[in-house]
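Remarks on the structure that follows.
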Amino acid sequence: MSFPDDLIYSSEHTWVRLDGDIATVGITDYAQDKLDEILSVELFPVDSSVEQGEPFGVIESVKVMTELISPVSGDIISINEDLADDVVGILNSDSYDTGWMIAVELRDLGELDNLLDAETYVDYIEANEEAD
Amino acid sequence: MIPFKRFGPFENMAIDEALFRTHQKEGDPPVLRFYGWERPSVSLGYFQDAEEEIDCAYCRGKGINIVRRPTGGKAVLHGGDLAYSVIGRENAPPFSSDVVETYRIISGCIIRGLARSGIEVQIVEDGRGGSGSTEGFCFATSYKNELLAGGKKICGSAQVRARGVFLQHGSVLIDLDPLAVCAAIGKAGDAARVREIEAAVTSVREVIEGDINIGTLSRDIAAGFEEVLDIRLVEEGLSPEEEALKDRLLEDKYMRDEWNMKGWRAGRGY
């Protein structure tokens with residue numbers, strides 16, 4: 001599993017790539033692995049507003065359906081329309097690049113302090129695995 | 001535990017979602033609920049397309065209500081089944097943050113309960129089966145940790161997770177009517193599809209070659225949970241908060257065609 005150092009992560013297993021005040025968001029390699037074969041994704045539409053810790057969509061895999069929890073607050077300025085055509089092929093193979101989900105214009109950059117760097121995120125998922 | 005009772009399909013889904021949404025505080029005890037259906041109904045998985053999966057005109061003509069579940073998975077024809085739901089925190093014992101492990105734990109309880117009623121079932125150990133034109137129908141496929149009797153599916157389940165809480169609900173098939181299933185999925189009179197379902201799916205009545213009381217079966221499964229998890233279930237009804245949310249969900253979501261027929265495609269607001 002890979003966890004690129006240039007991304008920041010949430011305990012809800014999403015990643016954030018920052019470009020100024022625009023955050024691109026997706027799910028981590030750990031999340032796609034845990035979900036197993038992903039079947040469908042529903043994302044909130046462009047122009048809707050999301051809050052840190054609140055849903056921005058839902059995702060269904062062969063195992064489970066689960067809410068996607070936003071790592072940031074702001075307005076969605078674009079969503080990855082390619083996921084509607086080939087979610088199965090994209091998310092399980094490349095969750096960090098072609099598998100991006102939403103781009104958000106951030107409302108509060110200070111909220112990023114609540115997120116984790118790659119090393120801390122890896123420690124977090126290892127601790128979770130041990131707890132199970 | 002909320003003991004067995006029959007409701008309409010819309011109310012059944014509203015109750016399950018209300019239990020799921022209100023189960024937020026750490027320390028809230030897990031909930032086990034049993035229910036039946038006041039009339040034949042079809043439930044669709046969250047992402048399923050009603051027009052694609054179901055013969056909606058046939059269902060309307062027969063008075064079969066169509067309801068969309070808050071969980072994923074495939075279509076189920078209800079009426080001849082005992083439904084259950086389990087709501088709990090994913091990290092709180094006896095459950096697990098691992099989805100498959102939680103399925104396995106709940107399956108173990110149901111297996112023990114069904115054995116009390118003389119029904120021997122096994123867990124699906126690997127992969128998914130099922131093919132052909134009935135694949136949009138839940139019981140035509142079996143996923144890891146679902147339950148088979150004599151190699152045929154007898155219990156199917158689905159799970160949704162949000163904010164550390166899970167809802168798993170499913171159905172133990174008591175009666176199987178392959179002709180009715182085929183008609184509901186738009187394959188009326190298709191003999192090959194009927195055979196396909198008969199080969200893949202069984203029911204409690206077929207296994208025990210006799211009749212069974214659905215209330216007794218639900219109590220046996222409840223006892224299975226008590227034995228396997230070494231717990232004592234306490235019977236309760238919905239709390240006022242759960243009841244109020246159930247009423248709201250019923251009116252704003254589950255009784256609405258926008259949700260049941262189009263779901264998320266109709267836009268948000270659910």
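Because the structure is a prediction, the values reported are computed rather than measured. Every chain is numbered from 1 and lettered A, B, ... according to where its sequence line falls, protein lines coming before strand lines.
Counted within 6.0 Å of CD on B:Gln122, heavy atoms from surrounding residues, nucleotides or ligands total more than 12; the atom is thus considered enclosed. The number of heavy-atom neighbours closer than 6.0 Å to CG of B:Asp230, taken from other residues, nucleotides and ligands shown, is 12 or below. When the shell of 6.0 Å around CD of B:Glu251 is examined, it contains 12 or fewer heavy atoms from other residues, nucleotides or ligands.
Of the possible polar contacts, none joining the A:Thr66 side chain to the B:Ala162 backbone as a donor-acceptor pair under 3.5 Å is found. Between the side chain of B:Tyr46 and the backbone N or O of A:Glu60, no donor-acceptor pair lies under 3.5 Å.
Taken to the nearest 0.5 Å, the CG atom of B:Asp98 stands 5.5 Å off from the NZ atom of A:Lys63.
Neither the backbone nor the side chain of B:Pro93 comes within less than 4.5 Å of any heavy atom in chain A.
We find that A:Glu67 and B:Arg163 are joined by a salt bridge, their nearest charged nitrogen and carboxylate oxygen being less than 4.0 Å apart.
The greatest number of non-hydrogen atom pairs below 4.5 Å with chain A, out of B:Gly72, B:Pro70, B:Gly45, is found for B:Gly72.
Side-chain contact between B:Arg161 and A:Val64 is present, with at least one heavy-atom pair separated by less than 4.5 Å.
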